[in-house]
Amino acid sequence: MCAKMWRQISCTRLQLQLKATLTGGQSFRWKIVKNDDIPENNEYLGVMANILWLLRQSDSHLQYKVLGELPYTNRQRIKVAEPQRVPGDGDLLYPGKYYEDLLIMYFRLDINLEEYYSKWCEAHDHFKSTAGQFHGIRVLNQDPVENLFSFICSQNNHISRISSMVEKLCTKYGQRICEYEETAYHAFPNIESLAEKNVETDLRQNGFGYRAKYFQKSAGQIVEKGGLEWFAELEKKEYMDARSELMTLTGIGPKVADCICLMSLSHLQAIPVDTHVYQIACSYYLKKLQKSKSVTTKIYQDIGDEFKNIYGPLAGWAQTVLFCADLRQFKDGKAVKRKAE
């Protein structure tokens, strides 16, 4: 078992808000484990990069514990050292800087978010009035395999059930990391395990319904295309080219492809358009769409183009902030908002 001491990296609350970032529908493996009805005191438990983390915030730092871990090789652009014992780090597999680098990568902490909030507030009154004070919302930089199959689960679904399905998938096919407070936690399955011929049948028997066939078929296609290296190549491509290639996979339409581009391939201009985003667009950006009965291919494109024209190269991030700020769960006053200056 790894050392369970709190460690920290410098990060203010204006740069990162854990609650909306982790529970606003981007990732489905995080849960609040301490809730004093004071969001600033919440702690968050979740698996990322084959590590079971416990996260919390102070006014000036992001604090974390490593509760359990396995070696991680699922991300081509992360250089992972060979497992080693580090003096002073207890039983951790890697030097302390490795865990800091993972969190900086995951939350994209190298980007000054306050600077972009100021630009987005100037770009449109809707952002200024709705999201300008709803600070610290980050676009997560997620493992593309986990992100892709999590959003296959998201089709015609709600967050609690998506989370349940993702955990079921990890328990069935993922390697066990550790047990914490009488619950076992598992890594996300590798792509080869999801490509096995029995996966569709197994998942149908476990309540995945029509989505079951998408898992096995799209996993097999990814293996044929080159697996993790294929995702690494998509990150280097132009956004629309990467999006088009993703849509060659079984069960991947425009919205899921845009989620993967935005949250895993660093194409931060991608705009995933679901019903919620469509309603925001109709109300504040393209009011002429209110007469439309459905989101056609052209309307989907028009919404994306409008957000890009207004918010620029990080339009997908601005849209994520607006999406979170508009969610019912964050309208009850418990989400962390920026204090008036």
Side-chain angles (χ1 to χ4, degrees), residues 11-27 39 57 62 104-142 238-240 243 254-255 258-289 295 299-331 333-341:
C11 180
T12 68
R13 295 183 188 275
L14 294 183
Q15 288 289 343
L16 170 65
Q17 181 196 147
L18 286 177
K19 182 177 181 180
T21 299
L22 294 178
T23 66
Q26 292 189 64
S27 175
Q57 290 183 274
L62 170 62
I104 290 170
M105 178 279 299
Y106 187 64
F107 289 111
R108 303 183 197 267
L109 294 180
D110 57 326
I111 293 177
N112 184 341
L113 195 51
E114 285 189 84
E115 176 183 328
Y116 279 97
Y117 265 63
S118 296
K119 292 179 179 178
W120 296 332
C121 284
E122 293 176 1
H124 201 283
D125 286 342
H126 175 235
F127 193 99
K128 184 176 182 179
S129 62
T130 303
Q133 303 300 311
F134 196 71
H135 70 83
I137 310 302
R138 293 265 164 188
V139 170
L140 296 175
N141 193 359
Q142 301 182 61
E238 294 293 327
Y239 155 59
M240 288 302 291
R243 182 179 185 265
K255 184 244 181 178
D258 277 327
C259 287
I260 300 161
C261 283
L262 175 65
M263 302 174 198
S264 292
L265 303 179
S266 296
H267 296 299
L268 297 175
Q269 71 271 47
I271 308 291
V273 179
D274 61 3
T275 302
H276 198 82
V277 173
Y278 169 70
Q279 290 171 348
I280 292 173
C282 287
S283 298
Y284 303 102
Y285 296 90
L286 293 168
K287 294 185 178 181
K288 63 182 181 180
L289 296 182
V295 181
I299 288 175
Y300 190 106
Q301 186 66 43
D302 287 346
I303 292 172
D305 289 345
E306 184 72 6
F307 275 97
K308 293 182 187 75
N309 288 337
I310 293 170
Y311 294 114
L314 270 67
W317 197 321
Q319 175 260 318
T320 299
V321 178
L322 292 169
F323 178 90
C324 286
D326 201 56
L327 288 177
R328 183 179 303 172
Q329 68 202 67
F330 301 134
K331 287 186 173 181
K334 295 181 181 180
V336 183
K337 293 189 176 182
R338 182 172 182 164
K339 295 178 181 178
E341 307 246 350

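As the structure is a computational prediction, the values presented were derived from the model and not from experiment.
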With a 4.5 Å limit on heavy-atom distance, are the side chains of [X] and [Y] in contact?
X	Y	value
Leu140	Phe107	yes
His135	Leu14	yes
Trp120	Leu322	no

Nearest non-hydrogen partners of [X] and [Y], listed with the distance:
X	Y	value
Gln269	Lys308	O-CE, 3.3 Å
Cys11	Leu16	SG-CB, 3.6 Å
Val139	Gln26	CA-OE1, 3.4 Å
Gly136	Thr21	O-OG1, 3.4 Å
Gln15	Asn112	NE2-OD1, 2.9 Å
Leu289	Tyr278	O-OH, 3.0 Å

Quiz item: When the ring planes of Tyr284 and His126 are compared, do they come out parallel, tilted or perpendicular, using 30° and 60° as the limits?
Solution: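 If you compare the ring of Tyr284 with that of His126, the planes turn out parallel.
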Quiz item: In terms of ring plane angle, is the pair Phe127 and Tyr117 parallel, tilted or perpendicular, where the classes change at 30° and 60°?
Solution: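 Rings of Phe127 and Tyr117: perpendicular, over 60°.
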Enter the distance from [X]:[atom1] to [Y]:[atom2] here, rounded to the nearest 0.5 Å.
X	Y	atom1	atom2	answer
Leu268	Arg108	CG	CZ	5.0 Å
Gln301	Glu306	CD	CD	12.0 Å
Leu113	Thr12	CG	OG1	9.5 Å
Lys19	Gln57	NZ	CD	12.5 Å
Ile280	Leu286	CD1	CG	12.5 Å
Ile137	Leu18	CD1	CG	10.0 Å

For the backbone of [Y] and the side chain of [X], can you confirm whether one donor and one acceptor N or O come within less than 3.5 Å of each other?
X	Y	value
Gln319	Ile271	no
Tyr300	Pro254	yes
Ser27	Leu22	no
Tyr311	His124	no

Practice problem: List in chain and number order the residues that pass ring pair (Phe, Tyr, Trp, His ring centres under 6.0 Å) with Phe323, two or more places apart in sequence or in another chain; answer none if no residue qualifies. | Solution: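 Result, ring pair (Phe, Tyr, Trp, His ring centres under 6.0 Å) vs Phe323: His276.
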Quiz item: Does Asn309 CG have over 12 foreign heavy atoms under 6.0 Å away?
Solution: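 Yes, because the 6.0 Å sphere around CG of Asn309 holds more than 12 heavy atoms from other groups.
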Quiz item: Do other residues, nucleotides or ligands put more than 12 heavy atoms under 6.0 Å from Glu115 CD?
Solution: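 Above 12, so yes.
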Practice problem: Would you check if there is a donor-acceptor pair between the side chains of Tyr285 and Asp302 at a distance under 3.5 Å? | Solution: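 The criterion, which ignores hydrogens and geometry beyond distance, is not satisfied for Tyr285 and Asp302.
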Practice problem: Give a yes-or-no answer on whether the side chains of Arg138 and Gln17 include a donor-acceptor pair shorter than 3.5 Å. | Solution: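 No, no side-chain donor-acceptor pair sits under 3.5 Å.
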